[in-house]
Structures are given as C-alpha cells and as structure tokens.
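See structure below.
Every heavy atom of this structure was used, including side-chain atoms; hydrogens, water molecules and symmetry mates were not. Everything numeric in this text was worked out from a predicted model, so none of it was measured.
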Amino acid sequence: MPDDEDIQSVDSIAGGFQRSTYSIFEDSREKDIVLWQPGTVVENIRSLPRPSEVKQRAESFLSLADDSDLAVAPEWSYNIEWVYEHDELFADESPLFVLGCRPMGIEEMQETVENLHENFYVIGEDVPDDPGKEFVTPTIVPLRADALGDVDKPTVVIQYKNSPMSEGANPNEADNLATGNRIYYFGPPSGAGVVVWTCSDLLDDDLRDQVATYAQRGNILVHPQCNPKPFHSEWTDFRSRIFNNRNDVTYICANWGTVQRVNGNEVKCGYSGIYTKAREWSSLDNYDRTYNNGGLQGVNPSDRAEYVWTLVDDGVSRLRVRREGNGPAPAQGLRPEPQILCTRAWDGSSYDEQPEVIDECGCEICDDCDCRTCSDCKRAERQRRLPDLPRDAELVTAVTLWRLKIDEVDSFEERWDVPLAAFENLRANGQEELGHSFAAHGHRRGSGVARNTKRLLQTFEAASGRYGRSIDLADRCGPLDIPINATDDDEDGVDISLSRLDDPTPGTRRKRLTDIARLWHCQEDRNFRPLVLMVSPDDTELKRIDGFEDVTKGKFQPEDVTASGSPVGLVEVDR
C-alpha cells in the first residue's frame with residue numbers, strides 16, 4: 001500500500017513486511033479478535049489522565065489473547081513502559097497487538113523513546129512538542145523480529161493522537177494535548193493490511209478522508225478509543241461511508257466500559273466491537289451466543305454491514321468474523337457470521353467470570369414455577385408470552401408496534417436471514433440498529449426496553465379482549481412472513497397482522513391503511529386479516545379494514561386506500 005500524506009506504510013520504512021508473520025493478514029479464513037473493554041478509575045482527568053488499577057487487568061488481557069489473530073486495547077489502557085515485561089507481545093505465533101496507551105508528559109515520553117531504542121527497533125515520528133502543550137497520547141503496535149525484512153530485532157511502532165477530543169468532551173485535551181501528524185499502515189505493499197488511528201483522530205478532516213479511502217479498499221481499520229458517545233453522528237456517518245463499496249471492509253473498535261472519574265461520577269462508554277461488510281447476510285444462528293456473552297448483534301441495511309458489540313462494563317471478549325479478501329466477488333457465497341465467542345468479566349483479580357446472565361428472577365425453575373417471585377418476573381413473563389428466539393420476538397414487536405420501514409419491504413426477499421425489522425430502541429443516527437429487543441443491561445440507556453415490552457404485552461391482551469377470542473403470537477416469523485405476526489385461535493387458525501396506532505389522527509389512519517396495502521403485496525401466497533389497535537387517552541378500539549371480513553377474497557391495492565373518496569377504511573371489528 002503506498003504512503004499517503006498522513007498515513008505511512010511500515011513496509012516503506014523498514015522494508016519487506018512479511019504477510020505470513022501474522023495470521024490477521026491471511027485471506028479466506030475466519031479471524032478471532034480479542035477486545036479489552038476495561039472499567040476502572042481514571043485519575044487526574046483534568047490534568048494528566050492516569051488510569052489506576054489497570055496493570056493487573058492488562059496482564060489478564062494479554063493472557064487471553066493467545067491463539068487469536070488480533071488483540072486490541074483501548075486508548076489510555078496500556079502503559080508503554082510495560083513492553084519490557086511482556087515478552088508475549090513479540091513471541092512466535094503471537095497475534096498482532098494494537099495497544100492504546102495512557103497519556104504521558106512530553107519530557108517523560110521523550111525519555112521513554114530513548115530507552116526503547118536500547119532494546120527495540122523504534123518506528124515513529126519525533127515526540128510532538130507543541131509550545132504550551134503538556135502531554136501526548138501514544139498508541140503502539142509491537143512487531144515480532146521476523147515481521148520486517150530489514151530488521152532483525154523486535155519493533156515498537158509508536159503513533160501519537162492526531163486530534164484532541166472536542167472541547168466540550170474533554171477541555172483538558174483541547175488545551176494540553178500535543179498532537180502527532182502521522183498514523184501507520186501495517187502490511188506488505190499489496191493485499192489487505194491494517195490501519196490504526198486513535199479516538200478523536202476522526203476530527204481531523206484530511207486524516208478522516210485518507211483513512212476512509214484506505215478502509216474502502218478492503219483494509220482492516222483498528223480504532224482504540226475512550227469515547228462516551230460511540231454513536232455520535234461523526235462516528236455513524238464515518239462508518240456508513242466506509243461500507244458504501246463492494247470490498248471486504250472491516251472496522252474494529254476497542255472502547256472503555258465504565259470510566260469512573262475522581263468526583264465519583266461514572267461515565268458509560270462501551271460498545272467495543274466489529275463491523276464487517278456483508279455480501280451475503282448472516283444466518284444469525286449465533287445470535288443467542290453473542291447475546292449470552294454480553295453482546296448485541298446488529299445490521300446496517302443500507303450499507304450491507306453487520307456488526308457485534310460487547311457491552312460488559314469490565315471485560316475481555318473474543319469475537320469472530322470472516323474475511324474473504326477483495327477478489328472480483330468478495331465474500332461470494334459465504335456469510336460474515338460476526339459473533340462473540342466468549343466474554344470474561346473482571347472478578348477482582350483476573351478476567352475469569354462470565355458476564356452476568358440476564359435473568360431478573362433468581363428462581364432456578366422459573367419457567368414452571370407459580371411462586372410470587374416468578375409471577376412478578378419480567379423474564380418469565382416474556383418467555384410465556386413471546387416466541388422463543390430473540391430475533392422472532394423482534395420481528396413480532398417490530399410489526400406490532402409498527403417499527404417497520406415500509407419503503408424497504410420490496411427488497412426483503414434479497415435479505416433472507418437478517419432481521420431488518422429489528423427493534424429500534426437502540427438506533428443510532430437513524431442508521432445503525434442494535435439487536436436484542438428485551439435485553440436488560442446496564443449499557444442499554446433509557447427506559448425504552450421495559451416500556452415497549454409492556455406496550456407489546458398490553459397490545460395483545462387488549463386486542464384479544466376486543467376481538468372476543470385470543471389473538472396468539474405467531475409460532476415463528478421471518479422476513480418473508482412479514483407482516484403476519486399472530487393467529488386467530490379458532491379452529492380455522494386465520495393469520496393476522498396486528499399493529500398498534502397510538503393517538504390516531506385521520507392522516508395516520510390513512511397512512512396505516514396504505515402501508516398495510518403495500519405489505520399485503522409481499523404475501524403472494526398467503527392471506528391475512530389486518531387488525532389495528534387504536535389507542536387514545538379516551539378509548540381503545542380494535543379496527544379491521546372495511547370489506548375484508550373474508551381474507552380469501554383477494555387483495556386490495558394501495559390506490560384503493562389513497563384515492564379520493566375511496567370507500568376503504570378502518571371500521572369496528574365484528575365479534
């Protein structure tokens with residue numbers, strides 16, 4: 001890969017980067033990536049940020065990175081001086097490590113670099129020494145002695161943060177961070193490689209454009225950060241941009257879980273994870289595994305990207321993703337299958353424990369128990385009332401609470417296995433939809449999950465009461481079943497599309513009728529009875545579409561609904 005204005009290839013400096021040295025550079029195989037998401041105290045946040053109680057966590061993280069392809073630690077988490085104590089960073093068969101390091105005073109950093117030259121080959125620009133600035137934030141990539149053809153000793157590549165956080169996010173950095181002017185590309189001149197940048201480097205316009213170009217070519221972008229707003233529009237816009245192409249793009253982010261400042265206020269960060277280009281949508285067979293390992297799975301339908309995020313406050317997660325290279329048809333016939341294989345949470349001495357299982361009730365026989373605890377258990381109630389598979393529950397919820405994007409329905413058949421109707425309670429900037437509808441997790445900000453779960457249960461209960469007999473949740477749902485989400489419990493078992501419309505106005509009623517008509521066209525071989533629960537402060541009514549008591553009579557057209565003077569409308573259900 002040729003050098004760019006602000007991106008320099010390590011190969012051009014030391015020559016002969018050996019692709020075979022690190023497995024992350026091999027095409028046509030699954031990649032295991034270990035991400036460290038620490039949660040501890042960061043002291044002196046207003047002067048020189050110094051994470052405390054991190055070294056033991058770092059030791060545990062390194063021990064869990066064995067036999068992976070890539071291991072990433074977020075900004076501020078590692079201490080560059082610890083490289084002397086960690087031979088595993090340079091050992092045979094070690095993964096490629098990308099380590100975000102704690103900030104250091106400028107003079108201390110200059111002395112550290114001088115000392116490193118005694119034991120390592122050091123690649124990096126001169127330590128930034130801007131007038132009036134006090135510290136730098138390095139990110140390092142240790143390389144084994146056999147990685148570079150012109151070097152016969154272990155190498156430490158150092159790059160410095162190129163842009164401070166915005167002043168509103170961290171005034172200290174805006175005032176005191178001395179910034180670098182370069183980041184590095186790892187890999188031989190041809191084929192996919194790795195580009196590394198640190199946190200708010202994104203705010204440098206020229207660098208952002210250059211990195212986007214490298215990513216779009218099918219390289220792996222690694223992003224250590226300490227970011228309390230990982231879904232800020234700056235990030236989502238950038239991620240959308242790099243996936244707007246056909247190459248095998250991968251974006252990897254390592255963030256902190258919880259940063260507790262000295263004044264006692266906790267700052268939630270989180271959402272370390274992997275994005276990958278999806279030529280063929282994943283089957284989501286591993287959806288539950290990711291969820292049970294403290295993560296969420298999501299999609300970006302417009303850019304054909306899939307991703308998984310790990311949400312533990314303080315843990316190390318192993319994630320897997322498939323990369324196939326940038327041939328004429330990248331990832332042809334194979335699915336990316338991003339997933340979290342396992343997560344280890346901090347137990348006070350090491351990353352050993354599994355993340356806390358989401359289970360609001362402590363009773364071991366919750367599903368079959370009538371005790372008061374289980375009767376009040378939200379998890380048990382969800383299990384009794386909703387389909388078994390989380391993605392099915394999302395589809396039911398999306399249809400019922402009308403979270404569908406009707407304009408995308410025409411392309412459902414091209415997306416067989418991805419839940420495009422995934423619940424939008426964790427939607428970022430209108431672009432990124434994160435998975436599980438009913439996960440009760442500390443990182444799920446707001447009360448949307450509990451509120452919408454309650455609304456879903458109330459909707460089916462109220463609709464059944466107004467219908468005169470039970471409306472049961474469908475046994476299964478898939479993209480080709482939409483909008484059917486329920487059945488009539490009488491002997492005919494009529495398919496039903498039940499949706500809810502809050503505070504209906506004539507305009508919203510008309511739009512709902514039009515949307516239902518358009519959805520009907522997606523069901524070529526199945527008829528269904530569309531029912532709408534109208535909920536207003538004064539009354540709750542169940543409506544059907546006039547003239548469609550018999551669902552076998554055929555389909556109506558959207559123009560039947562929207563035409564001026566059309567007789568089609570929503571009327572009371574005949575019990």
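The two atoms that bring P138 and R102 nearest to each other are CD-O, 3.5 Å, heavy atoms only. For the pair R289 and L341, the tightest heavy-atom approach, listed with the atom from each and the gap, is NH1-CD2, 3.2 Å. Summarising the geometry of S9 relative to S12, their closest heavy-atom pair is O-OG, 2.6 Å, with the distance given to 0.1 Å. H223 and C199 make their closest contact through NE2-O, 3.0 Å (heavy atoms, listed as atom of the first residue, atom of the second, distance). Shown here for C226 and V259, the closest heavy-atom pair between the two residues is SG-CG2, 4.0 Å.
At distances below 3.5 Å, at least one donor-acceptor pair connects side-chain atoms of N219 with backbone N or O atoms of Y214. With T343 contributing its side chain and N293 its backbone, the two residues share a donor-acceptor pair below 3.5 Å. D130 places no side-chain N or O within donor-acceptor distance of the main-chain N or O of A178, the cut-off being under 3.5 Å. Side-chain atoms of K31 come within 3.5 Å of backbone atoms of S23 as a donor-acceptor pair (strictly under, hydrogens ignored). Checking side-chain atoms of N247 against main-chain N and O of Q216 turns up a donor-acceptor pair under 3.5 Å. For the pair S240 (side chain) and T236 (backbone), a donor-acceptor distance under 3.5 Å is absent. At distances below 3.5 Å, not a single donor-acceptor pair connects side-chain atoms of N44 with backbone N or O atoms of R50. A side-chain donor-acceptor contact under 3.5 Å links K277 to the backbone of N245. Of the possible polar contacts, none joining the S60 side chain to the Q56 backbone as a donor-acceptor pair under 3.5 Å is found.
Under the side-chain contact (heavy atoms from CB on, under 4.5 Å) test applied with D314, the options Q37, R344, R57 reduce to a single match, R57. When each of Q159, E5, E125, Q8 is tested with R182 by the rule side-chain hydrogen bond (donor to acceptor under 3.5 Å, both in side chains), just one qualifies, namely Q8. Across T290, D32, D69, a single residue satisfies side-chain hydrogen bond (donor to acceptor under 3.5 Å, both in side chains) together with R320, and that is D32. The only member of I123, I7, V196, V141 that meets side-chain contact (heavy atoms from CB on, under 4.5 Å) when paired with Y184 is I123.
Heavy atoms of other residues, nucleotides or ligands lying less than 6.0 angstrom from CD of E107 number 12 at most.
Proximity of F61 to V34: side-chain heavy atoms (C-beta onward) are separated by under 4.5 Å at one or more points. A heavy-atom distance below 4.5 Å is not found between the side chains of P38 and V54. H86 places none of its side-chain heavy atoms less than 4.5 Å from the side chain of F97. Counting only heavy atoms from C-beta outward, the side chains of R239 and F231 approach each other to under 4.5 Å. No side-chain heavy atom of R144 sits under 4.5 Å from any side-chain heavy atom of Q18.
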- Task: Could you walk me through whether T139 and K161 pass side-chain contact (heavy atoms from CB on, under 4.5 Å), step by step?
- Result: CA-CA 7 Å; T139 294; K161 196 170 181 178; over 6 Å; no
| message | As a quick check of understanding, evaluate ring-ring contact (aromatic ring centres under 6.0 Å, His included) for F186 and Y22, giving each step before the final call. | response | CA-CA 10 Å; F186 300 85; Y22 290 103; 9.2 Å; no
**Asked** For W256 and V267, what are the C-alpha separation, side-chain angles and deciding distance, and is it a side-chain contact (heavy atoms from CB on, under 4.5 Å)?
**Response** CA-CA 10 Å; W256 282 65; V267 177; over 6 Å; no
- [ ] Begin from the C-alpha positions of D11 and R19 and carry the test salt bridge (charged side-chain N to carboxylate O under 4.0 Å, His left out) through to its verdict.
- [x] CA-CA 11 Å; D11 180 82; R19 176 174 296 277; over 6 Å; no
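Taking the centre of each ring, F120 and F90 come in below the 6.0 Å mark.
A side-chain donor from one of D6 and Q210 sits under 3.5 Å from a side-chain acceptor of the other. Looking at W36 and Y78, their side chains never bring a donor and an acceptor atom within 3.5 Å of each other. Residues S349 and D347 have side chains that bring a donor and an acceptor to within less than 3.5 angstrom of each other.
Geometrically, R241 does not engage F238 in a cation-pi contact defined by less than 6.0 Å to the ring centre and at most 45° from the axis.
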